[in-house]
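Following: one structure in structure tokens, then a few remarks.
No hydrogens, no waters, no symmetry mates; every other heavy atom, side chains included, goes into these values. Note on naming: letters A, B, ... go to the chains in the order of the sequence lines (proteins, then strands), and numbering restarts at 1 for each one. Keep in mind it's a predicted model, so treat the numbers as computed, not measured.
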There are 2 protein chains.
Amino acid sequence: MLPPKTEQELLQRANELAGKTFFNLSKELHKKIPDNLLTEKGWLGQLLELALGASAGSKPEPDFKELGIELKTLPLNAQHQPKGSTFVCTASLPCATEWQQSNVYQKLKCILWIPIEADPNIPFAERRIGAPILWRLTTVQEKILKQDWEELTEMLTLGDYQNLTARVGTYLQMRPKAANSKVLRESINRESEKQLIVPRGFYLRPHFTKQVLR
Amino acid sequence: MLPPKTEQELLQRANELAGKTFFNLSKELHKKIPDNLLTEKGWLGQLLELALGASAGSKPEPDFKELGIELKTLPLNAQHQPKGSTFVCTASLPCATEWQQSNVYQKLKCILWIPIEADPNIPFAERRIGAPILWRLTTVQEKILKQDWEELTEMLTLGDYQNLTARVGTYLQMRPKAANSKVLRESINRESEKQLIVPRGFYLRPHFTKQVLR
DNA sequence: CAGGATCCAGACGTGGATCCGT
DNA sequence: ACGGATCCACGTCTGGATCCTG
């Protein structure tokens, strides 16, 4: 699938997916639903990348590079509310200098959200894809996210890992992001000494993503 | 195979390999000689790592970390002379500051050379492993290598890629080191601008490795 | 003959995310 | 409920080197 050339083309493709079950989509794309979903957590997200022509790959670029649009699933619980937090990007030193140049801002400024059913009572194959939401950060949201990012980034830069827990931040938080807790990476602590830390990533809290659903 | 605990133990293991054919060793280790040797160029080197208990892995550390000893094959032609150049390590920015802290010095200061037959007239499976040579850099050799390294490193740091060819250096040279010539990496040129260059590695010239054979 | 080109294995990092115990 | 832990895919990079053409 080639990347969409315009925002309209992307939205059209996404609208065509709305209402389909995971089974429908996987069949159309000739992909088998994994036997063990516990070990292929990102499978549906990657299926949607394929379905929409996102340029897969682990680059610090939007999924739709030419359009400047990021793709994200938005798993919803039985009450049609965001089920959990949303991964944004990894956090690594040296951090960006300014908010608008940060990976976080680049990821968040424009997102095509695809709501998906994630109520565990619905069998996986029968869950449906929702209507897409092309969303842009508002001024008010950006102000708070910028504050969060600056606070978290400063703690990271200072090497203040003691206080850098998932409790910090209003909309944005930092949590572990690694294969497991034994994975360590070299970093610098506040005394400028080398230190091994658990790699971390930025996540959006559920009470932020609720706003996406209006 | 556990790593050898002492230099003596390592040398004993290496001496036990001397005289064996590639067929002998591969059979002992229950490894099949590859059908296509053109596409598994490093196969024997990796077999020797296994045979000697080298800690495999692509780290900037000696193969025998505790002993500070690096392992290298030394392919010999029909005249029992080094057949070609010897890869040392990749060259990447930011380069080390001082010779003694450089990856090149760390790799070269102490090497266990394993001569191997590489005369194309001998069928691969019948080629033999030679007697190991535990070798340390001499003061005279180090002086020239240091000069080479400093010259090459300065050109790399300055971004002087025009003149940074494989012709520079007495004992040490820099040559492409990548999957193919289309692989490019971001770097900085002498005007401090971003530039895409072919990744390079450090290599020892044959007239240097000849000295290893006395 | 040697400078430039090439190939595999394995570790690692990022992006896709969800799991799960308190 | 959520903070900490975990899992797959895949591209990249390094270390093991040799190939190949003028």
What integer distance in Å separates [X]:[atom1] from [N]:[atom2]?
| X | N | atom1 | atom2 | result |
| --- | --- | --- | --- | --- |
| A/K107 | C/dT14 | NZ | P | 12 Å |
| A/N163 | D/dG3 | CG | C1' | 16 Å |
| B/E186 | D/dT12 | CD | P | 13 Å |
| B/N36 | D/dT18 | CG | C1' | 12 Å |
| A/L74 | C/dG16 | CG | P | 14 Å |
| B/Q173 | C/dA2 | CD | C1' | 8 Å |
| B/L184 | C/dG4 | CG | P | 16 Å |
| B/N180 | D/dT21 | CG | P | 16 Å |

Could you tabulate the donor-acceptor pairs under 3.5 Å formed by side-chain atoms of residues 79-87 of chain A, not counting sequence neighbours?
from  : atom 1 : to     : atom 2 : distance (Å)
A/K83 : NZ     : A/A118 : O      : 3.1
A/S85 : OG     : A/R175 : NH1    : 2.9
A/S85 : OG     : A/R175 : NH2    : 3.3

Quiz item: Would you call A/F208 and A/L145 a side-chain contact if the rule is heavy atoms closer than 4.5 Å?
Solution: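 They are in side-chain contact.
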Hey, does the side chain of [X] come within less than 4.0 Å of [N]'s phosphate (OP1/OP2), counting only N and O?
| X | N | value |
| --- | --- | --- |
| B/R167 | C/dG4 | yes |
| B/T39 | C/dT6 | no |
| A/R200 | D/dG3 | no |
| B/R205 | C/dC1 | no |
| B/T90 | D/dG15 | yes |

Quiz item: Just checking A/E70: base, sugar-phosphate only, or nothing, at a heavy-atom cut-off of under 4.0 Å?
Solution: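 Counting heavy atoms under 4.0 Å across all strands, the contact made by A/E70 is with sugar-phosphate only.
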Quiz item: Checking A/T165 side chain against A/R167 main chain: does a donor-acceptor pair fall under 3.5 Å?
Solution: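 Pair found, side chain donor or acceptor close to backbone of A/R167.
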Quiz item: So, the side chain of A/R13 versus the backbone of A/L52: is there a donor-acceptor pair under 3.5 Å, distance only?
Solution: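 Judged by distance alone, yes, a pair lies under 3.5 Å.
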Self-check item: Letter per nucleotide, 5' to 3', of nucleotides 17-22 of chain C [B base touched, S only sugar-phosphate touched, - untouched; heavy atoms, 4.0 Å]
Solution: BBS---
Exercise. Supply the atom-to-atom distance B/M174 CE to B/W149 CH2, rounded to the nearest 0.5 angstrom.
Key: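 Rounded to the nearest 0.5 Å, the CE-CH2 separation comes to 11.5 Å.
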Just distance, no hydrogens or angles: give the donor-acceptor pairs under 3.5 Å from side chains in residues 59-69 of chain B, sequence neighbours left out.
from  : atom 1 : to    : atom 2 : distance (Å)
B/D63 : OD2    : B/L71 : N      : 2.9

Practice problem: List the atom of B/I116, the atom of B/L48, and the distance in Å for their closest heavy-atom pair. | Solution: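 Answer, listing the atom of B/I116 first, then B/L48: CG2-CD1, 4.4 Å.
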Quiz item: Mapping A/K59 and A/L164 onto DNA chain D by nearest heavy atom, which one lands closer to the 5' end?
Solution: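 Upstream on the strand: A/L164.
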